[in-house]
Amino acid sequence: MKQFFTAGILAWNELQNDRSMPWKQEKDPYRIWLSEIILQQTRVEQGRPYYERFISAYPTITELADAPDEEVFRLWQGLGYYARCKNMLAAARTVARDFNGRFPGTYEGISALKGVGAYTAAAIASFAYNLPHAVLDGNVYRVLARFFGIDTPTDTTAGKKLFTQLAQDVLPVQQAGTYNQAIMDFGAVVCKPQTPRCKSCRLSSQCVAFQKGLTDLVPVKSKKLRIKKDISIICC
DNA sequence: AACGCGGGGCT
DNA sequence: AGCCCAGCGTT
């Protein structure tokens, strides 16, 4: 089951994945880090032009670290989640000053940077250094929940622990970077949140959610509907 | 464990 | 109108 899954993701990536992104094949940890910070909770197509502008303005992390706050904030303007920008600058200055411009080369070192959580650390570690850390983002939660038929809510401590373990279990450690990239592309292109392309999916024969008709019921989130601030809408 | 942070695309 | 997006830091 797990072997079929991993092999299927790698095969899809090899034969059918035509998704292109400027930071694919990138080995410069600075560029990888920058792209991951920009893409946190942000669609690839929305983040792409920002990434290009930042790389153009700051080709190295030292140049970013030396830039004035206001100048960097202006480049970030419109992207949202502005704390990311502040943390990004702090991390750049940590690398530039404390590490003499050398980006950390271990998972622990990467994790210690401001604005870098479990997902981003695994992404950088695997993409830049092929270290065996599985990424766990919205795409991975969805793909794993559907294929393995898991209804444990993803936004709980138990869910995070379960999915983290499963993601690590199906990771081909020799191809960590390629596979991490592949499973996220697969989630974005085939196993989409709405109207997934199950008809053309090479994994559907073994996909628990597809076989049971539960594709639109997983992944599960525990959060209830929140009261919207605009109550007036209800009155009319 | 729950919450705040944001613009934007898709249905 | 609601959901989701290459999540993270704070409380």
Side-chain angles (χ1 to χ4, degrees), chain A residues 9 13 17 19-24 26 29 31-51 73 75-91 110-128 133-146 152-161 163-164 167 176-197 215-236:
Chain A
I9 293 294
N13 185 56
N17 186 5
R19 200 179 191 211
S20 72
M21 295 184 293
W23 45 83
K24 249 185 186 180
E26 183 58 63
R31 293 190 175 216
I32 294 169
W33 163 76
L34 176 62
S35 72
E36 294 302 337
I37 298 301
I38 288 174
L39 291 176
Q40 286 168 6
Q41 288 293 286
T42 303
R43 289 174 195 280
V44 169
E45 292 313 312
Q46 185 186 2
R48 187 192 306 258
Y50 285 85
Y51 172 79
F73 292 157
L75 265 185
W76 192 274
Q77 189 64 36
L79 246 195
Y81 283 142
Y82 298 95
R84 287 186 295 169
C85 185
K86 180 183 170 192
N87 289 332
M88 175 185 72
L89 255 178
I110 297 166
S111 294
L113 296 174
K114 297 283 289 180
V116 175
Y119 162 77
T120 303
I124 298 171
S126 65
F127 296 160
H133 295 270
V135 293
L136 185 55
D137 74 333
N139 290 303
V140 178
Y141 274 120
R142 184 173 58 256
V143 173
L144 293 179
R146 285 177 177 163
T152 305
T154 57
D155 57 342
T156 60
T157 301
K160 286 185 176 70
K161 183 175 180 181
F163 282 95
T164 297
T178 298
Y179 167 85
N180 277 338
Q181 182 71 242
I183 190 172
M184 290 192 288
D185 285 343
F186 181 82
V189 174
V190 180
C191 199
K192 301 180 295 178
Q194 287 87 22
T195 63
R197 311 176 109 138
T215 301
D216 55 347
L217 298 182
V218 289
V220 174
K221 289 191 177 182
S222 66
K223 282 184 169 44
K224 301 283 192 283
L225 293 177
R226 286 175 304 191
I227 306 300
K228 288 298 181 180
K229 60 181 180 181
D230 192 353
I231 297 181
S232 64
I233 292 177
I234 301 175
C235 306
C236 311

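Chain letters run A, B, ... following the sequence lines, proteins first, then strands; residues in each count from 1.
- Contact record, A/D185 with A/M21: OD1-CE, 3.8 Å, taken as the closest heavy-atom pair.
- Counting any heavy atom pair closer than 4.0 Å across all strands shown, A/T120 reaches sugar-phosphate atoms only and no base atom.
- Checked by distance alone, A/Q181 brings a side-chain donor or acceptor within 3.5 Å of a matching partner on the base of C/dA6.
- Within the 4.0 Å cut-off from OP1 or OP2 of C/dG9, not a single side-chain nitrogen or oxygen of A/R84 is found.
- Across all strands, A/W76 comes closer than 4.0 Å to no nucleic acid atom at all (heavy-atom distances).
- Minimum interatomic distance between A/A122 and A/N180 (heavy atoms only, all atoms of both residues): O-ND2, 4.3 Å.
- Here A/R19 lies in heavy-atom contact (under 4.0 Å) with a base.
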Worked check of ring-ring contact (aromatic ring centres under 6.0 Å, His included) between A/Y51 and A/W23:
CA-CA 9 Å; A/Y51 172 79; A/W23 45 83; 5.0 Å; yes
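- Using a 4.0 Å heavy-atom cutoff across all strands shown, A/D185 reaches at least one base atom of the nucleic acid.
- Residue A/I38 is out of contact with every strand shown, counting any heavy-atom pair closer than 4.0 Å.
- In terms of heavy atoms, A/A182 sits closest to A/I9 at CB-CG2, 3.8 Å.
- In this structure, CE on A/M88 lies 11.0 Å from CD on A/Q40, to the nearest 0.5 angstrom.
- Taking CG from A/L89 and CD1 from A/I37, the interatomic distance works out to 11.5 Å, rounded to the nearest 0.5 Å.
- Here the side chain of A/T42 is nearest to one of C/dA6, C/dC5, B/dG6, namely B/dG6.
- Across all strands, A/E45 comes closer than 4.0 Å to no nucleic acid atom at all (heavy-atom distances).
- For A/Q46 against B/dG8, no side-chain N or O and base N or O form a donor-acceptor pair under 3.5 Å.
- Distance noted for atom C1' between C/dC8 and B/dG9: 23 Å (whole Å).
- Taking the side chain of A/T195 as heavy atoms from C-beta on, and the options C/dC8, B/dG8, B/dT11, the nearest nucleotide is B/dT11.
- A/G78 comes within contact range of the sugar-phosphate backbone alone, with a heavy-atom separation under 4.0 Å but no base atom that close.
- Straight-line distance from the CG atom of A/L39 to the P atom of C/dG7: 8 Å, rounded to whole Å.
- Both A/Q194 and A/Y81 sit near DNA chain C, but only A/Q194 has its closest nucleotide nearer the 5' end.
- The interatomic distance linking A/Q41 (CD) with B/dG9 (P) rounds to 16 Å, in whole Å.
- Distance A/D155 CG to B/dA2 P: 8 Å, rounded to the nearest Å.
- Residue contacts for A/V116: at a heavy-atom cut-off of 4.0 Å it reaches the sugar-phosphate backbone alone, with no base atom in range.
- When the side-chain nitrogen and oxygen atoms of A/Q40 are compared with OP1 and OP2 of C/dG7, none of them lie within a distance under 4.0 Å.
- Note: A/N13 CG to A/Y179 OH = 11.0 Å, rounded to the nearest 0.5 Å.
- One can place CD1 of A/I110 at 21 Å from P of C/dA6, the figure rounded to the nearest angstrom.
- In this structure, A/K221 places its NZ atom 8 Å from C1' of C/dC3, rounding to the nearest Å.
- Distance A/E36 CD to C/dC8 C1': 14 Å, rounded to the nearest Å.
- Residue whose closest nucleotide on DNA chain C sits further toward the 5' end, between A/P219 and A/A118: A/P219.
- Rounded to whole angstrom, the span from the NZ atom of A/K86 across to the C1' atom of C/dG9 amounts to 10 Å.
- Across C/dG9 and B/dG8, the matching P atoms stand 24 Å from one another, rounded to whole Å.
- A/M21 comes within 4.0 angstrom of a base, heavy atoms only.
- If you find the closest nucleotide of DNA chain B to A/A83 and to A/A158, the one lying nearer the 5' end belongs to A/A158.
- Across all strands, A/N87 comes closer than 4.0 Å only to sugar-phosphate atoms, never to a base (heavy-atom distances).
- Between C/dA6 and B/dC3, the two C1' atoms lie 22 Å apart (nearest whole Å).
- In this structure, A/Y82 atom OH and B/dG8 atom C1' are separated by 12 Å, rounded to whole Å.
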